4 protein chains.
Amino acid sequence: MSKVFTFSLQGADLSTRIPKAKAAMRKEPSQSRSKATVEAIIEAATRILSVEGWAGFNTNKVAEAAGVSIGSLYQYFPSKLSLVEAIRRRHIEDCLGVMKRAGKSGRPLAQFVADLVRDLIAVHSLHPGLHRVLLDDAPSADAFRDPHDAFEVDYLASYTAVVRHYRQGKTGSSDEAVAMTLSDAIDGVIHNAARRGTLQNPEVGAELVRLVTSYLAAE
Amino acid sequence: MSKVFTFSLQGADLSTRIPKAKAAMRKEPSQSRSKATVEAIIEAATRILSVEGWAGFNTNKVAEAAGVSIGSLYQYFPSKLSLVEAIRRRHIEDCLGVMKRAGKSGRPLAQFVADLVRDLIAVHSLHPGLHRVLLDDAPSADAFRDPHDAFEVDYLASYTAVVRHYRQGKTGSSDEAVAMTLSDAIDGVIHNAARRGTLQNPEVGAELVRLVTSYLAAE
Amino acid sequence: MSKVFTFSLQGADLSTRIPKAKAAMRKEPSQSRSKATVEAIIEAATRILSVEGWAGFNTNKVAEAAGVSIGSLYQYFPSKLSLVEAIRRRHIEDCLGVMKRAGKSGRPLAQFVADLVRDLIAVHSLHPGLHRVLLDDAPSADAFRDPHDAFEVDYLASYTAVVRHYRQGKTGSSDEAVAMTLSDAIDGVIHNAARRGTLQNPEVGAELVRLVTSYLAAE
Amino acid sequence: MSKVFTFSLQGADLSTRIPKAKAAMRKEPSQSRSKATVEAIIEAATRILSVEGWAGFNTNKVAEAAGVSIGSLYQYFPSKLSLVEAIRRRHIEDCLGVMKRAGKSGRPLAQFVADLVRDLIAVHSLHPGLHRVLLDDAPSADAFRDPHDAFEVDYLASYTAVVRHYRQGKTGSSDEAVAMTLSDAIDGVIHNAARRGTLQNPEVGAELVRLVTSYLAAE
DNA sequence: AATGAATGAGACTTCATTCAT
DNA sequence: CATGAATGAAGTCTCATTCAT
């Protein structure tokens, strides 16, 4: 069983990504040069937001870190907020992908939980401070926070489907409530660990597995 | 058993507060008028930070909302950071108090969990957005985030003590790891519920109780 | 009659001014110090707008010319546009005052026209390029351009009253149409003269008097 | 006589245009495709400047509206200023043409004035906001404003010739002063009407005719 | 010739903090 | 002590212009 909890980043498959959000972009890059520019901007922005938080996140610094001019940044992102939105969407898509992959085939609970925890930790290890920052309401265009937002709805729907599968027969709680609670609890554990810098600590993954398993198996 | 999950705010006793931190204050409010001023400032600042997040939090607005001049604010709080620090300390003290009270006498697990969840929800209902915002690293003087910080150490120590009590005999996980995971999971559930505005929803409390109970009872 | 056309600036009474617009101000100056600041800002801004036009009009330059910091400017004017708006209102009030004073008592047509032309030229001589710039639509908050705007309505109403008085008995044209045409023609002559720098040229005033007189006396 | 004041746009002949100015162009459009490109750019630029004023007038927007790349725009117009200059010249030529045609043959005053007013209104109806914007000094290369500028000199010379013809025998004012005043007054009436959107209102034309006629007939 | 990505000076605006009254 | 006017560094964003492809 210790094999399952290796938490190596190699095990996580982050390649399946939903197409990027268009709404936030001022103009779709058509040439390969501009695609590279956009990619460099998003990457630099993600890194800065993750490492320095809101305090250190400004468009000048992002442009400089991305190796482009401030003008180029604003050619593709109409505002600072739209840049954050692009980061947010990409991060949520990553989490969504992990969840869907872990619960795909009808594998046993233990296997599902192990995969889920391992890959979520992998996703958050790339940019440890990111998710917490993204939850801050202030500079949010209400994309993630609005309960009707497509992303969060999709996210919870996926969780609910998996929860329903593994709780079959259990009553007393709605699958939706369990899914939401589970999602939030995992959020809390992972982001606080990221905050402390202990995300790679095997104990964190092991306890998270125990938490999820016991909750899904309860009653 | 439904009685246990009432989660009425009336049940929560938030009155026992550790004496205010001195370090953050430029000058000790010795007279009652000064105390009232300080109180008004912290109250206004907490409300603004909770409702508007970092984006809407600035010292001029706080001063206006508190009904004092910006000059007066700076007489009691030497910087914006010190003001945030005061808010942070007060909030942590509140959480700490809840935890200590719930685990005080050697009551059964079910009772402890019910009280803990109910009072934590009560604490976070006053300023739903506060705790999440305080976790953001941005304007933090690293008081809360540093693992050696007195508050967090105290916080986790309390959790650990309680966990040790209710897990007596169980092995395979350290009490510290369980305490931390538990604290983080509760954080996640409560803050996400606060974010969605569903903190008062009875299902949230009920599921949180199930989560904590099953985790502590596991193995 | 040549005495009437002296066009000395001393003859113009610009002191009767309608209270300043509040809407455009972020905060009403209460102390004498801040009143002086606001006055300095408006004065500098008027001068720059008049002399350099839109191209040279920026808030940094205004602040510097006024001898205040850029922060002070924004303490009283929430935006560049609001500053222009303040200038615009003040200028329109000046023109309005001239018109009302010239047509006040039931003096003969020649006297009215002479006073009107003399004082309008005086008003526009203070900041020769101002009015033309203010008519530019772009950075206008539609205060002057909106036909229902209180100022323009007031302005035309005053013109109409005077026109009605001096055209008594004449038919074939509505007093409103005549008033508007007259106002616009005077505008054109004065602003183009200001543009050329010939506003002080006695011929300009004399011809303007002939234009107005012949139009009002026609048919 | 009401027939004279029809002011139908069909009556206006805008086809006689002085050959385009070369100075402002970076390169002579020798092929038909180039000519079409230049035409498209000037047309788009005129429309934008007229409708949105200086605030909305930028080279990137003009290029997009013209359906050409920004690079192509700069191939024909070496700077933003040169583009404005081209617009300005074309507009002045249009006005000049109207004036010259109306005063060509020795027709009676009433006929001349009626034609002049009708065609000037027609010219300004195409781009109602244009002329007023062009008078702003801001991005002007002082081509129009300088009293010695060939265009304005030519313009006033034409006016003076016509004025001299219709004022034959009158003294007390120089023909030059009358011409200038007349030109400026017409300017004012037309541009303010354009600003209000009432340029097509028959009353505007009728009153303008009365204004011009009475002024030229005076004394 | 044409394209459009890239540039960066410069303009607008905010807000933490100071200090004269 | 209290006030609030003043400051200016720093951040957001625009747009005229260039140049590699």
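Protein chains get the first letters and strands the later ones, always in sequence-line order, with residue 1 at the start of each. When reading the values below, keep in mind they use all heavy atoms of this one structure, side chains included, and skip hydrogens, waters and symmetry mates. Everything quoted here is computed from the prediction, not taken from an experiment.
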Step by step, would you call B:E85 with B:R88 a salt bridge (charged side-chain N to carboxylate O under 4.0 Å, His left out)? CA-CA 5 Å; B:E85 222 43 43; B:R88 188 193 302 276; 3.5 Å; yes
Going through the checks in order, is the side-chain contact (heavy atoms from CB on, under 4.5 Å) test met by B:E43 and B:H127? CA-CA 10 Å; B:E43 166 57 27; B:H127 300 292; 4.3 Å; yes
Dump the intermediate steps for side-chain contact (heavy atoms from CB on, under 4.5 Å) on C:L134 and C:L49, then the final yes or no. CA-CA 9 Å; C:L134 289 178; C:L49 192 55; 4.1 Å; yes
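The nearest whole Å value for the distance from the CZ atom in B:F77 to the C1' atom in E:dC15 is 19 Å. Atom-to-atom, OH of A:Y76 to P of F:dC13 comes out at 18 Å; the value is rounded to the nearest Å. Atom-to-atom, CD of C:E52 to P of E:dG10 comes out at 15 Å; the value is rounded to the nearest Å. Rounded to whole Å, the distance from CD on B:E64 to C1' on F:dA2 is 17 Å. Put simply, NZ on B:K80 is 8 Å from C1' on E:dC15, counting in whole angstrom units. In this structure, D:L83 atom CG and F:dT17 atom C1' are separated by 14 Å, rounded to whole Å. Separating the NZ atom of C:K61 from the C1' atom of E:dC12 is a distance of 15 Å, rounded to the nearest angstrom. For the pair A:L49 CG and F:dG11 P, the computed distance is 15 Å after rounding to whole Å.
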All N/O pairs under 3.5 Å across the protein-nucleotides 19-21 of chain E interface:
none

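The shortest distance between the side-chain N/O atoms of C:Q75 and the OP1/OP2 oxygens of F:dG4 is not below 4.0 Å. Between A:T59 and F:dT12, a side-chain N or O to OP1/OP2 separation shorter than 4.0 Å is present. Phosphate proximity of E:dA5 to A:S72: absent, as no side-chain N or O sits under 4.0 Å from OP1 or OP2.
When all heavy atoms of D:F77 and D:I41 are compared, the pair lying nearest together is CE1-CG2, 3.6 Å. Considering every non-hydrogen atom in both D:A44 and D:V62, the closest pair reads CB-O, 3.9 Å. The heavy-atom pair separating B:G56 from B:I48 by the smallest distance is O-CG2, 3.5 Å.
With hydrogens and angles left out, the side chain of B:N60 and the base of E:dA16 share a donor-acceptor pair within 3.5 Å.
Remark: the backbone N or O of B:S82 is paired with a side-chain donor or acceptor of B:S79 at under 3.5 angstrom.
Using a 4.5 Å heavy-atom threshold, the side chains of A:V84 and A:W54 count as touching. At least one side-chain heavy atom of D:E52 sits less than 4.5 Å from a side-chain heavy atom of D:K61.
Of the candidates F:dG11, F:dA6, F:dT17, the closest approach to any side-chain atom of C:S69 belongs to F:dA6. Here the side chain of A:T37 is nearest to one of E:dA2, F:dG11, E:dA6, namely E:dA6.
Toward the 5′ end of DNA chain E lies the nearest nucleotide of D:V68, the other residue of the pair D:V68 and C:N58 mapping further downstream. Nucleotides of DNA chain E nearest to B:I70 and A:L73 differ in position, and the one nearer the 5' end is that of A:L73.
Residues passing the side-chain contact (heavy atoms from CB on, under 4.5 Å) test with B:S72, sequence neighbours excluded: B:V68, B:S69.
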Pairing annotation in dot-bracket form, given for DNA chain F with Watson-Crick or G-U pairs under 3.5 Å and | for cross-strand partners: .||||||||||||||||||||
